[in-house]
Amino acid sequence: QAQAYQYELETLQRQGIISDQTLLLAVPDPSSERVGSGGATLNALLTVTEYLSARAGLSFIDPELLRTSRLLIIHSGGDSRRIPCSSVCGKAFSTLPAVRESGTLASPFLILLEKMTEICQSAEAGLFVASGDVLLLLPEMEYDWSHSGVTGLAIPAGIKFGTKHGVYALQEGSNQVETFLQKATFDQLQANHAIRKNQTVLLDSGIVYFCGDTTTKILTLNVLPPLDACTYLGVDSGAVPLRIELY
């Protein structure tokens, strides 16, 4: 699968859709085990930092390179086993009945990449994480990525969507996240003040931004048990693969 993803990415780069200055990496979970979106983020971040360090001529992994790099991790999403023609590349690279301006057949990945390029323009160095099997319909507006720490992109929606998706619950009177609920019941949404006065909830879009300092701190987790078991280094050293979810 990783080889197939890498081929898809390099094809888009040859077509000029992705800049030839962009480093492209398809990073599989260690030992073909499922380590979840959180584990996969750690594993991919470690791999990217190794490549950046090598490209800088260093013989060691330098986390400081992350403070000045703009990174995007797109998780591949489901395997789409019920759609045989998409069984290798999954839903992210499934062809859709639409043609992009480039003349290329659309795929969820390509649509997401175009949208991420648009909304990330104002971001400084840091890490964006998104899910490749999500079709985002977002308005043209200014997106604020200037906050330190972690910023999640939420979409207002009706309460009925909140019981089937991830939902942010905010501190009263602010944009600070109090808690995060995953497929909660109506009573749980209400108890955690996730239902707003206009009877909407804030759905998780799957897009999360980590500033440069925070990205550097996250990388240090890969050497701390038990999170080292999320990366290929830990698994190769004998750790049992650990599954954790980013969201």
Side-chain angles (χ1 to χ4, degrees), residues 1-58 61-62 65-66 69-81 83-96 98-100 102-118 120 125-136 206-208 210 215 218-219 222 230-236 241 243 246:
Q1 282 185 317
Q3 290 175 344
Y5 291 159
Q6 188 72 28
Y7 174 80
E8 294 284 350
L9 293 172
E10 291 175 355
T11 298
L12 293 175
Q13 193 169 54
R14 286 193 298 269
Q15 293 172 342
I17 296 173
I18 298 177
S19 168
D20 58 7
Q21 300 299 311
T22 300
L23 172 66
L24 299 174
L25 294 173
V27 183
D29 287 357
S31 299
S32 297
E33 296 286 345
R34 294 180 181 272
V35 293
S37 57
T41 297
L42 278 176
N43 188 50
L45 191 59
L46 171 63
T47 304
V48 167
T49 311
E50 285 183 326
Y51 272 81
L52 291 176
S53 299
R55 197 163 65 171
L58 303 176
I61 299 175
D62 185 5
L65 292 172
L66 298 179
S69 301
R70 287 161 55 93
L71 309 175
L72 171 62
I73 293 177
I74 298 181
H75 292 294
S76 62
D79 290 337
S80 216
R81 296 178 183 180
I83 310 175
C85 63
S86 301
S87 60
V88 174
C89 285
K91 289 177 279 187
F93 290 102
S94 301
T95 52
L96 301 174
V99 178
R100 312 308 294 163
S102 61
T104 305
L105 280 173
S107 66
F109 176 87
L110 185 54
I111 293 173
L112 177 64
L113 184 63
E114 290 175 345
K115 182 56 67 174
M116 292 299 296
T117 302
E118 174 188 318
C120 298
L127 167 66
F128 279 92
V129 180
S131 180
D133 59 358
V134 172
L135 292 173
L136 288 177
I207 297 175
V208 183
F210 304 86
T215 304
I218 291 174
L219 180 66
N222 80 82
C230 296
T231 70
Y232 80 89
L233 277 180
V235 174
D236 288 351
R243 179 169 185 162
L246 177 70

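The chain is numbered in sequence order, starting from 1. Excluded from the calculations below are hydrogen atoms, water molecules and symmetry mates; all remaining heavy atoms, backbone and side chain alike, are included.
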Practice task
Check whether any side-chain N or O of Thr49 sits under 3.5 Å from a backbone N or O of Ile61 as a donor-acceptor pair, and report yes or no.
Solution key: no
Practice task
Keeping the roles fixed (side chain from Ser69, backbone from Leu65), state whether a donor-acceptor pair exists under 3.5 Å.
Solution key: yes
Problem - Short side-chain to backbone donor-acceptor contact, Ser53 and Asp62, under 3.5 Å - result: yes
Exercise for the section: Report yes if some heavy atom in the side chain of Glu10 is under 4.5 Å from a heavy atom in the side chain of Ile18; otherwise report no. Expected result: no
Problem - Asn222 side chain to Leu42 backbone, donor-acceptor under 3.5 Å - result: no
Fill in the blank from the handout: Output for pair (Leu12 CG, Ser107 OG), nearest 0.5 Å, gives 7.0 Å
Practice task
Please report the closest heavy-atom contact between Arg70 and Ala125, naming both atoms and the distance.
Solution key: CG-CA, 3.9 Å
Exercise for the section: State, yes or no, whether a side-chain contact exists between Val129 and Phe210 at a heavy-atom distance under 4.5 Å. Expected result: yes
Exercise for the section: Please name the pair of heavy atoms, one in Val35 and one in Cys230, separated by the smallest distance, quoted to 0.1 Å. Expected result: CG2-O, 4.0 Å
Handout entry: Student check: side-chain heavy atoms of Lys115 and Glu118 closer than 4.5 Å
Key = yes
Exercise for the section: Identify the two heavy atoms, one from Arg243 and one from Gly36, that lie closest to each other, and give their separation to 0.1 Å. Expected result: CG-N, 3.7 Å
Completion exercise
Closest non-hydrogen contact found for Ser37 with Leu246 is OG-N, 2.9 Å
Handout entry: Minimum side-chain heavy-atom gap Ser31-Tyr232 below 4.5 Å
Key = no
Exercise for the section: Find the distance between CD1 (Ile207) and CD1 (Ile74) and round it off to the nearest 0.5 Å. Expected result: 9.0 Å
Exercise for the section: Decide yes or no for Leu96 and Ile111: does some side-chain heavy atom of the first lie under 4.5 Å from some side-chain heavy atom of the second? Expected result: yes
Problem - Gap between atom CG of Leu72 and atom CG of Leu112 - 0.5 Å precision - result: 7.5 Å
Problem - Approximate separation, where rounding is to 0.5 Å, of Leu52 CG and Leu58 CG - result: 10.0 Å
Fill in the blank from the handout: Interatomic distance, OG1@Thr215 vs CG@Leu127, rounded to 0.5 Å, equals 4.5 Å
Exercise for the section: Compare all side-chain heavy atoms of Thr231 with those of Pro30 and state whether any distance is below 4.5 angstrom. Expected result: no
Problem - Glu8 side chain vs Phe109 backbone, donor-acceptor pair below 3.5 Å - result: no
Exercise for the section: Verify, without hydrogens or angle tests, whether Asp20 (side chain) and Gln13 (backbone) share a donor-acceptor contact under 3.5 angstrom. Expected result: no
Handout entry: Nearest non-hydrogen partners of Leu105 and Val99, listed with the distance
Key = CD2-CG2, 4.2 Å
Problem - Minimum side-chain heavy-atom gap Tyr51-Arg55 below 4.5 Å - result: no
Problem - Any side-chain heavy-atom pair of Leu135 and Pro108 under 4.5 Å - result: yes
Exercise for the section: Can you measure from CG (Leu46) to CD1 (Ile218) and round to the nearest 0.5 angstrom? Expected result: 13.0 Å
